[in-house]
Amino acid sequence: MAYDIRAIYFDLGNTLRILHKIPEHQEAAKIKMAQLSGTDLEPQAFLDMINYRYEGYRKWCFKTEREATEQELFSQWLLPEYPREHILKNAKELAFQYRQTTGKRFIVPNGRTVIEQLHARGYKLGIISNLITSDEVPDWLEESGLKQYFDPVLLSCVCGLRKPGVEIFHLSSQLSGIPIEKIAFVGDNINRDMPGSKAAGCGLNVLYITPEKLSRHPMTDVNRPDAVIHRFIELLELFPGSPNVNEEFMIPENK
């Protein structure tokens, strides 16, 4: 089978960026959230309440394949009994700090090298991510000097669409002007990223996962990737230069 890949789009969490637990960073974010909200609760009790309510919100997200804006998330789902105008004013920062309560995110090992070389090889690069913050990723791309490499950058809280729904993938194709069958998608979640990109018609579906984690998730016709990598740097072997693909990485259909 011949592949014609012009663009490579990435998931963010556990794909392009890796979460590191940093207790002092997480504690500061928890305190900041409580201060921003004006709550009378202790910071940990406040965070526990947010986490509980967020699980209800996530169920809605999974069911509808939609994402709320930061303002909608905090004013309607997480803090509906708090003064609305105050929450709306602080929603973006609340969402950012909520993300920080789980840790700090850093680019994957060899990430910059892979991004720069794939771009130099002629592939158009983009990001498609389920995310509750609208400024976090644009700010990170700007600060890290990576902004020039990614277009489009599709975040679920901005466009209102979520993976595994196909609409967010089709929107990426429309924005870039590249047919969906000429787009490769790289993600880490075999039960969310792969079904979504496959159903959308992406030309190549790449799973980035450890062998141990992959062994716990059987492949089916719905979630089977076209290729699997265990190290991010292997993308340079998989994509030697646009529009080519190294077919040695392809997974047999009966595997």
Side-chain angles (χ1 to χ4, degrees), residues 10-58 61 67-75 77-79 82 86-116 127-150 153-158 162-163 186-189 192-193 208-210 212-213 231-233:
F10 295 88
D11 173 51
L12 272 175
N14 294 319
T15 302
L16 195 54
R17 300 200 304 176
I18 304 298
L19 178 69
H20 292 262
K21 301 288 186 180
I22 304 176
E24 59 271 24
H25 178 83
Q26 295 170 253
E27 182 68 18
K30 179 174 63 177
I31 293 171
K32 182 67 173 178
M33 275 194 75
Q35 292 172 342
L36 285 167
S37 69
T39 185
D40 294 328
L41 298 173
E42 291 297 318
Q44 185 58 55
F46 180 71
L47 180 58
D48 290 343
M49 179 185 74
I50 293 290
N51 285 336
Y52 176 78
R53 293 176 175 182
Y54 187 70
E55 285 306 308
Y57 168 73
R58 280 172 58 83
C61 289
E67 189 87 75
T69 64
E70 295 127 318
Q71 289 79 8
E72 292 167 341
L73 173 61
F74 277 87
S75 67
W77 289 92
L78 303 184
L79 298 173
Y82 283 63
H86 178 76
I87 296 303
L88 290 175
K89 182 178 69 174
N90 290 289
K92 282 195 173 187
E93 186 64 17
L94 280 165
F96 175 76
Q97 294 299 335
Y98 186 36
R99 293 258 300 159
Q100 305 315 300
T101 64
T102 59
K104 195 169 185 178
R105 291 152 180 88
F106 298 90
I107 193 167
V108 65
N110 298 305
R112 181 177 293 273
T113 296
V114 170
I115 290 164
E116 291 175 348
I127 291 172
I128 303 175
S129 179
N130 293 344
L131 203 65
I132 65 169
T133 57
S134 60
D135 291 341
E136 175 188 341
V137 171
D139 288 348
W140 168 67
L141 291 174
E142 184 74 46
E143 293 164 4
S144 61
L146 296 172
K147 180 180 178 180
Q148 61 182 311
Y149 298 114
F150 294 99
V153 175
L154 272 179
L155 308 176
S156 59
C157 70
V158 176
R162 276 179 62 95
K163 300 174 293 182
V186 182
D188 72 293
N189 193 312
R192 183 167 60 241
D193 292 326
Y208 171 39
I209 194 170
T210 64
E212 295 77 15
K213 189 174 180 180
R231 297 178 301 128
F232 199 73
I233 195 111

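Values in this document were obtained by computation on a predicted structure and should not be read as measured data.
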Practice prompt. Applying side-chain contact (heavy atoms from CB on, under 4.5 Å), name anything that partners E212, two or more places apart in sequence or on another chain.
Written response: T210, R216
Item to complete: Could you check V158 against L154 for side chain to side chain contact (heavy atoms under 4.5 Å, CB included), going step by step and ending with a plain yes or no?
Response: CA-CA 7 Å; V158 176; L154 272 179; over 6 Å; no
Item to complete: Would you mind listing every salt bridge (charged side-chain N to carboxylate O under 4.0 Å, His left out) that reaches into residues 137-149, with sequence neighbours excluded?
Response: E142-K147
Practice prompt. Name all residues meeting the salt bridge (charged side-chain N to carboxylate O under 4.0 Å, His left out) criterion together with R192; count only those two or more places apart in sequence or in a different chain, and write none if there are none.
Written response: none
Worksheet item: What do the steps show when you test L94 against L78 for side chain to side chain contact (heavy atoms under 4.5 Å, CB included), and what is the final call?
Response: CA-CA 11 Å; L94 280 165; L78 303 184; over 6 Å; no
Worksheet item: Judged by atom type as modelled, is there a donor-acceptor pair below 3.5 Å linking the side chain of D188 to the main-chain atoms of T15?
Response: no
Fill in: Least distance between heavy atoms, K30 atom then L47 atom
CD-CD2, 3.8 Å
Discussion item. Can you confirm whether R112 sits close enough to S144 that some side-chain heavy atom of one is under 4.5 Å from a side-chain heavy atom of the other?
Written reply: yes
Worksheet item: Backbone N or O of T102 within a donor-acceptor pair of the K21 side chain at under 3.5 Å?
Response: yes
Worksheet item: What distance do T69 atom OG1 and I132 atom CD1 have between them, rounded to the nearest 0.5 Å?
Response: 11.0 Å
Worksheet item: Taking all atoms of both residues into account, what is the closest heavy-atom pair of V114 and I233, and its distance?
Response: CG2-CA, 3.7 Å
Discussion item. If the condition is salt bridge (charged side-chain N to carboxylate O under 4.0 Å, His left out), which residues does E70 pass it with, not counting sequence neighbours?
Written reply: none
Practice prompt. Enter the distance from I209:CD1 to N189:CG here, rounded to the nearest 0.5 Å.
Written response: 8.0 Å
Discussion item. Can you pull out every salt bridge (charged side-chain N to carboxylate O under 4.0 Å, His left out) where at least one residue sits in residues 91-102? Sequence neighbours excluded, please.
Written reply: K92-D135, R99-E136
Item to complete: Considering non-hydrogen atoms only, spot the tightest contact between S134 and C157 and give its length.
Response: N-SG, 3.6 Å
Practice prompt. For the residue pair F74 and N90, establish whether any side-chain heavy-atom pair is separated by less than 4.5 Å.
Written response: no
Worksheet entry | All ring pair (Phe, Tyr, Trp, His ring centres under 6.0 Å) counterparts of Y82, not counting sequence neighbours | none
Worksheet, complete the sentence: Rounded to the nearest 0.5 angstrom, the CD1-CZ distance for I127 and F150 is 4.5 Å
Item to complete: Using modelled atom types only, decide if a donor and an acceptor are shared between the side chain of T101 and the backbone of A29 within a distance under 3.5 Å.
Response: no
Response to the item:
The salt bridge (charged side-chain N to carboxylate O under 4.0 Å, His left out) partners of R53 (sequence neighbours excluded) come to E81
Practice prompt. Sorted by first residue and then second, give each salt bridge (charged side-chain N to carboxylate O under 4.0 Å, His left out) pair with at least one member in residues 33-51; sequence neighbours left out.
Written response: none
Response to the item:
Contacts of Y57 meeting ring pair (Phe, Tyr, Trp, His ring centres under 6.0 Å) (sequence neighbours excluded), chain-then-number -> Y54, W60, W77
Discussion item. Could you measure the distance from the CG atom of L88 to the CG atom of L79? Nearest 0.5 Å is fine.
Written reply: 11.0 Å
Worksheet item: Can you tell me how far CG of D193 sits from CZ of F10, rounded to the nearest 0.5 angstrom?
Response: 12.5 Å
Item to complete: Measure across G38 and H86 and return the closest heavy-atom pair with its distance rounded to 0.1 Å.
Response: N-NE2, 4.3 Å
Worksheet item: Do W140 and L12 come close enough that some side-chain heavy atom pair is under 4.5 Å?
Response: yes
Discussion item. Minimum heavy-atom separation for L73 and A68, please, with both atom names.
Written reply: N-CB, 4.0 Å
Item to complete: Check side chain to side chain donor-acceptor pair (under 3.5 Å) between Q100 and all other residues, then give those that pass, not counting sequence neighbours.
Response: H25
Item to complete: Give the minimum heavy-atom separation between R162 and S156, together with the two atoms involved.
Response: CG-CB, 3.8 Å
Practice prompt. Determine whether N51 and Y98 make a side-chain contact, defined as any pair of heavy atoms from C-beta on separated by less than 4.5 Å.
Written response: yes
Fill in: Between OG1 on residue T39 and CE on residue M49, distance to nearest 0.5 Å
5.5 Å
Worksheet item: Between the main-chain N or O of L155 and the side-chain N or O of S129, is there a donor-acceptor pair closer than 3.5 Å?
Response: no
Worksheet item: What residues, two or more places apart in sequence or in another chain, satisfy ring pair (Phe, Tyr, Trp, His ring centres under 6.0 Å) together with Y208?
Response: F232
Response to the item:
The side-chain contact (heavy atoms from CB on, under 4.5 Å) partners of Q148 (sequence neighbours excluded) come to none
